[in-house]
Amino acid sequence: MILEMKVPSPGESITEVEIATWLVEDGDYVEKDQAIAEVDSDKATLELPAEVSGTITLKAEEGDAVAVGAVVCLIDTSAEKPEGSSVPKEDKKEEATQPTPASQAVENKTYATGTASPAAKKILSEKGIDATLVKGSGKDGRVTKDDAIKAVPSMGTPTGGNRGSSRSKMSMLRRKVAERLVEAKNTTAMLTTFNEVDMQTIFDLRKEYKETFKAKHGVSLGFMSFFTLAVVRALNMYPAVNSMIDGKEMISYDFADISIAVSGPKGLMVPVIRNAENLSFRGVESEVKRLALRARDGQITVDEMTGGTFTITNGGVFGSMLSTPIINPPQSAILGMHNIIERPVAIDGKVEIRPIMYVALSYDHRIIDGKESVGFLVAVKEAIENPVELLMNNDVKKALEL
């Protein structure tokens with residue numbers, strides 16, 4: 001029996017996908033539920049599992065865009081499983097890249113030194129000039145000693161260094177991200193406001209309670225829960241920041257679906273923490289860990305990345321000191337966290353060393369005024385610097401569920 005495998009719908013509004021990588025080769029025997037391909041949509045990269053066991057015949061090439069519901073391969077279920085296994089695709093690729101003696105000889109010949117007299121070679125070597133770049137005046141174009149003496153290194157001419165380049169097709173996900181970034185820059189009146197946050201109180205709280213918190217809840221007490229709950233509080237104070245434009249109308253939300261930017265194997269992904277206003281510190285940390293692991297393992301779904309009313313991105317994990325994060329459309333604002341550096345600051349008229357983080361809020365000035373954007377960021381700063389009162393209702397253990 002021959003089974004036609006068709007492209008399943010990865011999510012609403014997605015009409016086509018791209019074959020990113022075939023994980024098997026034409027004629028291979030595959031087991032049921034074995035991952036046979038990775039497919040890119042404009043929102044995520046997903047694995048395509050074999051529906052049955054049998055011998056596979058591929059009907060699409062890597063890089064092909066195929067419609068949802070189209071046949072991408074055939075599986076012959078009547079084929080018997082071979083006793084030996086075929087060479088994995090990766091190994092075959094590796095073997096193919098190993099140069100043969102003949103190709104190695106051609107390569108060596110390509111990079112061989114140009115024809116030059118021994119004296120000329122010595123002079124050119126001292127000057128750091130590649131002999132192949134010097135036009136010889138001797139017989140058959142031979143570079144003479146006089147040619148070498150007159151040769152002058154050109155500041156704009158390479159002298160033997162590696163100047164290779166490569167070209168590869170961008171994945172559908174990366175192309176969509178690029179389109180959305182350009183759309184955000186071209187269709188929003190984006191501005192960024194900055195502030196700095198003293199992280200000392202959070203450092204002290206984490207130092208005192210992180211071990212107990214992790215032992216009881218199985219997750220670490222990180223910075224993301226503090227910032228998420230601080231954002232939820234600020235969104236309640238400044239609802240325009242929790243809004244977006246739809247044509248000539250402005251849609252405001254009475255809930256906070258917080259998108260968090262995480263790094264996955266296929267690049268940046270932005271899963272959503274739903275109804276963050278209803279979550280505790282434990283709830284936020286558990287959800288952040290769950291989504292980050294799913295993104296890392298390539299299991300994140302389109303639904304988990306759809307929606308969101310506000311985004312938090314943390315460039316600090318990569319060492320960023322300050323940046324202007326770009327809005328995640330159709331949202332109207334994004335908060336950028338950065339690395340924490342000990343800096344001298346004035347405290348009650350005295351200079352002290354404190355752990356300081358710069359924070360940035362990029363916002364769409366079409367619906368968010370300067371007063372609201374600055375007020376929002378100040379509200380986040382206040383909550384981070386005074387979390388016991390503003391985020392924990394003056395009861396740390398209750399807030400952390402200890």
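Computed from a predicted model, the values in this text were never measured in an experiment.
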Can you name the residues that form a salt bridge (Lys or Arg N to Asp or Glu O under 4.0 Å) with R274, not counting sequence neighbours? D257

Spacing of CD1 belonging to I367 relative to CD1 belonging to I245, to within rounding of 0.5 Å: 4.5 Å

Go through the side-chain N and O atoms of D76 and T55 and say whether any donor and acceptor fall under 3.5 Å apart. no

Going by the rule salt bridge (Lys or Arg N to Asp or Glu O under 4.0 Å), which residues pair with E385 if we only count those two or more places apart in sequence or in a different chain? K381

Is it the case that E382 and N386 place a side-chain donor and acceptor less than 3.5 Å from each other? no

So does R366 pair up with D364, basic N to acidic O under 4.0 Å? yes

T144-D147 side chain donor-acceptor pair, cut-off 3.5 Å: yes

Please identify each residue that fulfils salt bridge (Lys or Arg N to Asp or Glu O under 4.0 Å) with E401, with sequence neighbours left out. R282

Evaluate the criterion side chain to side chain contact (heavy atoms under 4.5 Å, CB included) for residue pair N275 and E277; output intermediate values, then yes/no. CA-CA 5 Å; N275 289 103; E277 74 278 5; 2.8 Å; yes

Give a yes or no on whether a salt bridge exists between K59 and E4, defined as a side-chain N under 4.0 angstrom from a carboxylate O. no

I would like to know whether V345 and V351 meet side chain to side chain contact (heavy atoms under 4.5 Å, CB included); could you show each step before the answer? CA-CA 5 Å; V345 294; V351 176; over 6 Å; no

Can you tell me how far apart CD1 (I258) and CZ (F227) are? Round to the nearest 0.5 Å. 13.5 Å

Quick note, ring pair (Phe, Tyr, Trp, His ring centres under 6.0 Å) partners involving residues 242-261, not counting sequence neighbours, are Y253-F255

From D198 CG over to M357 CE, what is the distance, rounded to the nearest 0.5 angstrom? 11.5 Å

With sequence neighbours excluded, residues passing side chain to side chain contact (heavy atoms under 4.5 Å, CB included) with N394: V388, E389

Within 45° of the axis and under 6.0 Å from the centre of the six-membered ring of F223, does NZ or CZ of R206 qualify? yes

Non-neighbouring partners of K289 that pass salt bridge (Lys or Arg N to Asp or Glu O under 4.0 Å), sequence neighbours left out: none

ring-ring contact (aromatic ring centres under 6.0 Å, His included) between Y238 and Y363, intermediate numbers included: CA-CA 13 Å; Y238 299 93; Y363 61 98; over 10 Å; no

